[in-house]
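Nothing here was measured: the structure is a model prediction, and the numbers come from that model.
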Amino acid sequence: AQTVTQSQPEMSVQEAETVTLSCTYDTSESDYYLFWYKQPPSRQMILVIRQEAYKQQNATENRFSVNFQKAAKSFSLKISDSQLGDAAMYFCAYSPRSNDYKLSFGAGTTVTVRA
Amino acid sequence: KAGVTQTPRYLIKTRGQQVTLSCSPISGHRSVSWYQQTPGQGLQFLFEYFSETQRNKGNFPGRFSGRQFSNSRSEMNVSTLELGDSALYLCASSYGTGSTGELFFGEGSRLTVL
């Protein structure tokens with residue numbers, strides 16, 4: 001079974017500063033996807049960034065970047081130049097390519113941005 | 001392009017009743033999956049439908065069921081409701097084949113069981 005662990009229940013960051021969210025996962029698959037999803041309060045979950053396991057290059061999307069360490073099964077998210085709109089619950093998620101509709105989620109990290 | 005639409009957004013039921021939730025995927029998406037979100041258990045996979053067929057099911061009792069129609073719209077049903085079924089039920093859609101793995105989520109249906 002695949003498990004995803006987010007060890008930080010809450011993180012706080014000053015506006016314009018950088019925050020890093022941690023995620024580790026366990027799988028016996030070699031081909032899979034990793035995701036970070038953002039769920040603002042009472043709003044729908046949206047994809048922040050996606051990484052394919054066979055790509056060694058770390059994914060980036062504007063102010064969001066990941067540090068993907070396949071051997072260590074680690075997948076952290078860095079939010080640079082934090083903005084008030086970044087405040088949300090962030091979920092790390094995993095899916096095998098063979099069943100890419102079946103996400104396994106971590107418990108989530110609540111990010112608070114201080115003005 | 002319209003997003004994933006879930007109805008109803010909020011509902012209150014009593015123990016023993018049943019409930020049906022509806023999900024309309026993004027146009028062109030043929031895969032619809034359902035997740036249950038609770039504070040205690042987090043986000044858990046319920047089941048997924050593709051072209052009217054259930055391809056996979058999570059570890060939930062048989063009281064949880066679903067179906068998909070020819071237009072890809074999906075419904076999930078929970079019978080004999082229990083207090084522990086109180087949750088946010090999320091629907092997500094994707095193309096289902098040759099996709100990038102990204103799921104597009106609806107806003108959810110928040111079920112309260114009294």
Hydrophobic cluster membership, with links at side-chain heavy-atom distances under 4.5 Å among I/L/V/M/F/W/Y: are B:Phe104 and B:Tyr49 in one?
no
Common cluster, B:Tyr95/B:Phe47, ILVMFWY with side-chain heavy-atom separation under 4.5 Å:
no
Where is the tightest heavy-atom contact between A:Leu103 and B:Phe45, given as atom of each residue plus distance?
O-CB, 4.3 Å
For B:Leu103 against A:Tyr37, the heavy-atom pair lying closest together:
N-OH, 3.0 Å
Tell me whether the count of non-hydrogen atoms from other residues, nucleotides or ligands lying under 6.0 Å of [atom1] in [X] goes above 12.
X: B:Asn71; atom1: CG; value: yes
X: A:Arg63; atom1: CZ; value: yes
X: A:Lys78; atom1: NZ; value: no
X: B:Gln41; atom1: CD; value: no

Rounded distance [0.5 Å steps], CD in A:Gln39 versus CD in B:Glu107
11.0 Å
Please look at A:Phe91 and chain B and tell me whether the side chain, the backbone, both or neither of the residue comes under 4.5 angstrom of a heavy atom of that chain.
side chain
If you define the side chain from C-beta out and look only at heavy atoms, does anything of B:Tyr35 sit under 4.5 Å from A:Met45?
no
Is there side-chain contact between B:Val4 and A:Gln44, with at least one heavy-atom pair below 4.5 Å?
no
Which one of B:Gln44, B:Gln37, B:Gln6, B:Arg110 has the most heavy-atom pairs closer than 4.5 Å to chain A?
B:Gln37
Heaviest contributor of heavy-atom pairs below 4.5 Å to chain A, chosen from B:Gly108, B:Gly106, B:Gly58, B:Ala92, is B:Gly106
